[in-house]
Amino acid sequence: MSLIPLMYVDGCAVKDYGNVTFEEVSNDEPIGNVKSPRAVGSANQRLSAAVHAVKNDGHTCVMLGGDHSLAIGSIQGHAAAKKDLSVVWVDAHADINTPLTSPTGNIHGQPMSYLIHELHSKIPVLPNFSWIKPCVSAKDIVYIGLRDVDPEEHHILTLLGIKGYSMTEVDRLGISKVMEETCDYIFSKVKKPIHLSYDIDALDPSISPATGTPVVGGLTYREGVYITEHICQTGMLSAMDMVEVNPKRGRTEDEISSTVNAAVDLIRGCFGKLREGNHPADYKMP
Ligand code: ARG
Ligand code: MN
Ligand code: MN
Ligand code: MN
């Protein structure tokens, strides 16, 4: 099932801006425990410029990943074009470790830390990261689906008072209440454009197993799609990341297709596909 033809069928005008090309970086030694800083920094700088251009063309921008470290460039580029953003981060993980708190050194566990104003003083200098300017306020972020948060990340989330709905809260409130509250929260003052960063590992691994860091106990397919339908009807979706879809991590063809199909459905939900079907209001029965 491939995305662009389906989105045409859904009635979307889709423009493929192509792939971001990456420069080869040799001798990309870790800095502290941060892995491949030069490659990730420079790739994100290119992505940021590309997203900025797409937003200046007036389109809603979709990033297909790939690693969640791409959120550094996508949110930065988005913020360069639309200075005040809210970020809805749907993920099993908070991805808010700083380079100094990260237990793994993987930058996919850190993207938020580079983007938040309030964490700026905690970010050490890294090669090819100097172009990054913090561009999101802690109060403009909502997490949904959390269930694997490192102790240091938990500390950061609490310290900055960042709004979040763990899987426990999704269970307690139900996904419709979670989305209602999320939108009340992000739209409480002004209606800022939404950057939706959707990690496929937010869904349960029974649906999307082909991903790098699966965690049991995730969102159902229906909860996952409901999030996209709700975001769509706000009319404020301005850019989205669909990340950590990794066919190489699928053990069977079924695991790969289930993961990819879920990602496709989530994107289509963001652009208006309704599960009841999209039917013209002026239909005349023959
Ligand atoms: N918290 C862990 C880390 O910082 C896991 C992050 C997983 N993130 C992801 N995008 N897969 O390394
Ligand atoms: Mn990753
Ligand atoms: Mn994740
Ligand atoms: Mn993630």
Side-chain angles (χ1 to χ4, degrees), residues 20 22 28 30-37 39-41 43-44 47 62-76 87-116 119 122-124 126 129 136 141-158 160 162 164-167 170 195-205 207-219 224 227-228 239-250 256 259-260 262-263 266-267:
V20 179
F22 301 127
D28 199 0
I31 304 282
N33 76 343
V34 177
K35 298 170 189 161
S36 311
V40 176
N44 269 299
L47 175 62
V62 182
M63 270 61 62
L64 301 178
D67 190 74
H68 216 163
S69 56
L70 72 73
I72 300 170
S74 77
I75 294 179
Q76 183 84 119
V87 174
V88 179
W89 193 279
V90 185
D91 201 327
H93 310 93
D95 295 348
I96 199 171
N97 275 299
T98 73
L100 301 175
T101 69
S102 171
T104 62
N106 295 326
I107 300 179
H108 70 192
Q110 310 170 22
M112 273 303 218
S113 75
Y114 301 102
L115 299 165
I116 299 175
L119 286 175
K122 300 290 182 191
I123 304 298
L126 290 174
F129 275 62
V136 190
I141 301 164
V142 181
Y143 281 102
I144 302 170
L146 297 178
R147 59 191 182 279
D148 182 8
V149 176
D150 298 324
E152 297 82 356
E153 292 186 296
H154 186 262
H155 175 77
I156 294 170
L157 293 172
T158 312
L160 302 186
I162 294 179
Y165 296 91
S166 67
M167 285 311 300
V170 173
H195 188 106
L196 175 64
S197 207
Y198 211 129
D199 186 325
I200 197 69
D201 72 28
L203 301 189
D204 193 79
I207 311 156
S208 53
T211 190
T213 51
V215 189
V216 293
L219 298 169
I227 293 171
T228 66
M240 82 175 289
D241 313 316
M242 183 73 249
V243 298
E244 300 290 350
V245 177
N246 188 351
K248 289 190 186 130
R249 292 298 186 110
I256 296 170
T259 308
V260 171
L266 294 173
I267 296 168

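In listed order, ligands and their atoms are each counted from 1.
Under the 30°/60° scheme for interplanar angles, the aromatic rings of H68 and W89 are found to lie parallel.
In this structure, OG1 on T213 lies 9.0 Å from CG on N106, to the nearest 0.5 angstrom. Rounding to the nearest 0.5 Å places OG1 of T259 at 12.0 Å from CD of E244. For the atom pair CG of L47 and CD1 of I72, the computed distance is 10.0 Å after rounding to the nearest 0.5 Å. Distance check: D95 CG to S69 OG gives 9.5 Å after rounding to the nearest 0.5 Å. In this structure, OG on S208 lies 8.5 Å from CG on D199, to the nearest 0.5 angstrom. The distance from atom CG of D67 to atom CG of N44, rounded to the nearest 0.5 Å, is 9.0 Å.
Looking at D95 and the Mn ion (ligand 4) together, the shortest N, O or S contact belongs to OD2. For D91, the N/O/S atom at the shortest distance from the Mn ion (ligand 4) is named OD2.
Looking at ligand 1, you'll find an N or O of D95 within less than 3.5 Å of one of its N or O atoms.
Shortest contact from atom 12 (O) of ligand 1 to any protein heavy atom: T104 OG1, 2.5 Å. Looking only at heavy atoms of the protein, atom 5 (C) of ligand 1 is closest to H93 CD2, 4.0 Å. Summary of contacts: the protein heavy atom closest to atom 10 (N) of ligand 1 is E244 OE2, 3.1 Å. The protein atom (non-hydrogen) at minimum distance from atom 11 (N) of ligand 1 is T213 OG1, 2.8 Å. Nearest protein heavy-atom neighbour of atom 4 (O) of ligand 1: N97 ND2, 3.0 Å.
Close approach to D199 involves these atoms of ligand 1, each under 4.0 Å from a residue heavy atom: 10 (N). Annotation for ligand 1: atoms under 4.0 Å from non-hydrogen atoms of E153 are 1 (N). Within ligand 1, counting atoms from 1 as listed, the ones closer than 4.0 Å to a heavy atom of H68 are 10 (N). The atoms of ligand 1 that sit less than 4.0 Å from any heavy atom of D150 are 1 (N), 2 (C), 3 (C), 4 (O).
For the Mn ion (ligand 2), the set of protein N/O/S atoms nearer than 2.8 Å consists of D67 OD1, H108 ND1, E244 OE1, E244 OE2, ordered by chain and number.
For Y143 and Y165, the gap between ring centers reaches or exceeds 6.0 Å.
Remark: side-chain polar atoms of R147 are paired, donor with acceptor, to backbone N or O of V215 under 3.5 angstrom.
A side chain to side chain contact (heavy atoms under 4.5 Å, CB included) with I96 holds for exactly one of H155, Q110, E153; it is E153.
Residue contacts to the Mn ion (ligand 4): D199 brings an N, O or S atom closer than 2.8 Å.
The two residues A263 and V245 have their closest heavy-atom pair at CB-CG2, 3.8 Å. Of all non-hydrogen atoms in I256 and G250, the two that sit nearest each other are CG1-CA, 3.8 Å.
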